[in-house]
**Q** 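Below is one structure. I have some questions about it.
Not measured: the values here are computed from a predicted model. Both ligands and their constituent atoms are indexed starting at 1 by order of listing. Hydrogens, waters and symmetry mates play no part in the numbers below; they use all other heavy atoms, side chains included.
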Amino acid sequence: MAETVHQEIERLRRELHEANHRYYVLDAPTISDAEYDRKLKRLGEIEAKHPDLVTPDSPTQRVGAAPAERFERVTHRQPMLSLTDVFSTEELAEFDARVRKLLGRDEIEYVCEPKLDGLAIELIYERGLFVRGATRGDGLVGEDVTRNLRTVHSVPLRLLPPADGHVPELLEVRGEVVMLKADFAKLNARREEAGESVFANPRNAAAGSLRQLDPKITASRPLSAFFYEVGETSIDFRTHWEKLQTLHALGLRTNPRNRRCRGLAAVQKYVADIAAQRNDEPYEMDGMVVKVDGEDERRRLGFVSRAPRWAVAYKLPPQEETTVVEAIDVNVGRTGALTPVAHLKPVRVGGVTISNASLHNEGELARKDVRVGDTVLVRRAGDVIPEIAQVVLEKRPHGAKPYPFPTTCPACGSAAVKLEGEAITRCVGMACPAKLREGLLHFASRNALDIRGLGEALATTLVDERLVRQLADIYAIPREKWRTLPRMADKSADNVLAAIEKSKSTTLPRFLNAIGIPGVGEATAKALARAFPTVKALMDADGEALQRVRDVGPALAAEIRTFFQEPQNRRSIERLLEAGVRPQAEEAPQGGVFEGKSLVLTGTLAALSREEAKAEIERRGGRVSGSVSRKTDYVVAGDEPGSKLEKARELGVAVLDEAAFLDKLGKQGRRSGQGHAG
Ligand code: IVH
């Protein structure tokens with residue numbers, strides 16, 4: 001029998017909730033992004049026809065509601081407490097001694113957890129439905145950020161039905177909203193590319209993203225949530241460990257690093273282990289939390305002022321070092337953004353050597369007032385991007401002058417202008433060689449049109465010699481001309497020409513990435529290509545159609561529209577198409593061998609480049625991730641594999657060698673002793 005509308009809606013919602021939970025909470029996806037999008041689109045279409053059937057917990061409601069004028073205040077039913085900090089193993093031992101004495105025990109059962117550096121929140125679930133979410137605020141009163149939290153994928157809109165079928169009447173759950181380091185790096189790269197101000201660190205990015213009056217902006221930011229405590233609830237817990245187990249079973253993400261530790265020695269070992277792998281964790285942490293496990297024991301221990309006696313935060317030192325600024329200069333990016341960069345006396349911070357730090361923009365430079373010769377405190381923000389935290393003023397040399405930010409472009413001498421309300425100063429020169437050169441390099445880069453051999457030196461020559469004034473010119477330079485360029489022997493000229501010719505048959509996502517639409521990187525280009533089958537269709541799309549694409553909010557939609565409305569850009573794209581560039585729409589992956597699987601590549605493959613391998617996997621519905629975890633389905637190990645292979649063995653993850661991988665791809669693997677079938 002055919003499904004009724006009700007049944008289809010319920011089925012789609014169930015499937016989408018499940019897919020969401022598997023992707024964002026368990027990190028073990030079972031369906032591809034494309035399939036998820038198809039289901040979400042279908043659900044949206046039915047709901048549009050039957051608006052009375054839309055419920056707040058529908059997966060379509062994650063896109064972000066209309067902007068609010070202000071946040072309502074929420075008084076927490078139970079205050080959200082803070083933690084007493086300890087800074088050494090001795091102080092940790094004192095805490096344990098205190099707890100043992102108060103409870104009259106020789107040994108205490110603890111639960112140890114990473115202390116995530118984000119924003120504390122509380123979510124309220126009534127009969128399994130997410131009804132309200134608030135920030136911690138001052139611990140007593142926070143802000144109602146329900147509409148923003150609905151857009152965060154690891155916040156379940158409804159709880160999973162527990163095994164005993166008993167949905168809790170009330171659950172106030174507490175946790176942390178964070179931005180993962182990888183997401184932070186990508187977001188900042190995207191913002192830098194689009195000429196927007198960047199966030200100083202993941203914590204600021206998370207806090208700034210959650211406290212937005214327009215939920216659509218929150219929806220466009222990659223936020224994650226982890227849960228670690230419970231406020232008021234109808235559930236009875238005997239231990240904290242049991243509580244964490246229950247939260248996980250209800251679909252609330254808990255930290256896989258949480259451990260039960262019996263006695264001080266086990267706690268000390270945990271603290272040392274986690275501290276040692278701090279840089280490998282996907283999130284920023286500022287310490288670990290050590291908590292008494294038993295709920296009875298917790299009640300007996302009680303509180304002092306605003307902190308419990310049953311827990312402490314073991315704080316890790318921030319990863320900072322001091323060094324000296326040797327020079328400051330200004331780079332011009334593809335969008336004309338002028339970025340000041342400090343060149344530093346090399347220094348090691350948290351295991352890596354730092355010799356440059358971005359000062360982001362004119363305002364940041366002025367605010368921090370970094371001068372040549374200054375001693376500065378450098379820090380790895382999000383453990384990846386080096387940042388100057390502050391100047392050590394006592395050490396400023398006599399006569400050090402503020403850096404005069406250029407008012408003209410250092411590359412072309414055109415005016416450098418900062419628009420009202422913008423953080424970025426930009427070169428306005430239409431023919432700025434720096435912009436053109438960066439744009440050309442991006443156009444030719446691996447994930448764009450992949451023109452091998454077109455590197456920095458050649459791009460500089462092409463622009464300086466005025467052979468390239470816009471992107472399409474690259475297809476019009478005659479063979480004889482190539483051969484006359486410096487360092488271009490006949491052979492290398494032929495190679496570049498072949499690569500340029502090859503770049504004409506490309507895919508739509510690569511093409512959209514290549515043309516440098518502000519704010520559109522690889523991932524967004526893929527999403528756009530899935531929604532619009534041709535360049536032309538995208539060029540003519542209106543704001544509404546653009547915003548239906550995953551990850552495209554109002555601001556980005558406006559950027560895309562502005563880009564395509566600019567006659568010069570349209571003309572430039574037309575010229576590329578006239579030159580013979582043929583972007584092919586990629587078919588959506590369907591039911592491939594890697595459908596819903598997560599793969600990690602390590603070592604070199606003989607038959608495929610890393611990019612090609614990635615494309616082959618994605619075409620078959622799989623996802624390629626950078627690090628091995630328990631959630632990884634396969635590690636593909638080529639020649640000279642790295643530590644990822646060891647990790648895979650340790651975790652019992654299936655390993656494919658090149659032959660087995662090619663086999664799965666349905667390509668003829670070259671097996672030893674078997675020869676190559678022709
Ligand atoms: S438990 C009464 N567990 O640390 C105990 N807090 O200083 C309440 N935090 O506001 C907190 N990770 O923002 C707890 N695993 C964790 C945590 C954690 C981060 C933050 C939280 C809280 C602050 C307390």
**Q** Which is it for Ala307 and ligand 1 at heavy atoms under 4.0 Å: side chain, backbone, both or neither?
**A** neither
**Q** Indicate, with yes or no, if the rings of Phe226 and Tyr283 have centres closer together than 6.0 Å.
**A** yes
**Q** We want to know whether Asp96 and Tyr110 form a side-chain donor-acceptor pair, criterion being a heavy-atom distance below 3.5 angstrom.
**A** yes
**Q** Starting from atom 8 (C) of ligand 1, what is the nearest protein heavy atom, named by residue and atom, and what distance separates them?
**A** Leu81 O, 4.1 Å
**Q** Any donor and acceptor pair, going by atom type alone, linking the side chain of Glu91 with main-chain N or O of Phe87 inside 3.5 Å?
**A** yes
**Q** Provide, to 0.1 Å, the distance between atom 17 (C) of ligand 1 and the closest protein heavy atom, together with that atom's residue and name.
**A**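 That would be Tyr228 CE2, 3.4 Å.
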**Q** Between Leu83 and ligand 1, which residue portion shows a heavy-atom distance shorter than 4.0 Å: side chain, backbone, both, or neither?
**A**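 Both of them.
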**Q** Heavy atom to atom 23 (C) of ligand 1, shortest distance: which of Arg257, Lys115, Lys315 holds it?
**A** Lys115
**Q** Does Glu176 approach ligand 1 within less than 4.0 angstrom via side chain, backbone, both or neither, non-hydrogen atoms only?
**A** side chain
**Q** Step by step, work out the side chain to side chain contact (heavy atoms under 4.5 Å, CB included) result for Lys291 and Arg298.
**A** CA-CA 9 Å; Lys291 303 173 173 178; Arg298 285 189 176 195; 3.6 Å; yes
**Q** Let me see the working for Arg348 and Thr353 under side chain to side chain donor-acceptor pair (under 3.5 Å), right down to the final yes or no.
**A** CA-CA 4 Å; Arg348 282 184 76 77; Thr353 302; 3.2 Å; yes
**Q** Are any of the N/O atoms on Leu116, whether in the backbone or the side chain, positioned under 3.5 angstrom from an N/O atom of ligand 1?
**A** yes
**Q** Check each of Glu109, Arg260, Glu113 against His240 using the side-chain hydrogen bond (donor to acceptor under 3.5 Å, both in side chains) test, and report the only one that passes.
**A**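 So the option named by the test is Glu113.
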**Q** Taking only heavy atoms of Arg136 into account, list the atoms of ligand 1 that are under 4.0 Å away from them.
**A**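 Listed by number with element: 10 (O).
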**Q** Flag Ser82 as yes when one of its N or O atoms lies below 3.5 Å from any N or O atom of ligand 1, and as no otherwise.
**A**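 Between Ser82 and ligand 1 (N or O atoms, distance only) the closest approach is not under 3.5 Å.
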**Q** Tell me whether Lys291 has any N or O atom under 3.5 angstrom from an N or O of ligand 1.
**A**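 Yes; at least one N/O pair falls below 3.5 Å.
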**Q** Treating Thr239 as the side-chain partner and Glu242 as the backbone partner, does any N or O pair qualify as donor plus acceptor under 3.5 Å?
**A**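 Here the side-chain-to-backbone pair exists.
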**Q** Within a distance under 4.0 Å of any heavy atom of Pro114, pick out the atoms of ligand 1 and give their elements.
**A** 12 (N), 15 (N)
**Q** Once the angle between the rings of Phe130 and Tyr125 is folded into 0 to 90°, is it parallel (under 30°), tilted (30 to 60°) or perpendicular (over 60°)?
**A** tilted
**Q** Go through ligand 1 atom by atom and flag the ones less than 4.0 Å from a non-hydrogen atom of Glu113.
**A**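 Ligand 1 atoms under the 4.0 Å threshold to Glu113: 3 (N), 15 (N), 16 (C).
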**Q** When you measure from the heavy atoms of Pro308 to every atom of ligand 1, does any distance fall below 4.0 Å?
**A** yes
**Q** Side chain to side chain contact (heavy atoms under 4.5 Å, CB included) for Val655 and Leu645? Distances and angles first, verdict last.
**A** CA-CA 8 Å; Val655 176; Leu645 181 58; 3.6 Å; yes
**Q** Where does Arg174 meet ligand 1, judged by heavy-atom distances below 4.0 Å: at the side chain, the backbone, both, or neither?
**A**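 The answer is neither; Arg174 stays 4.0 Å or more away.
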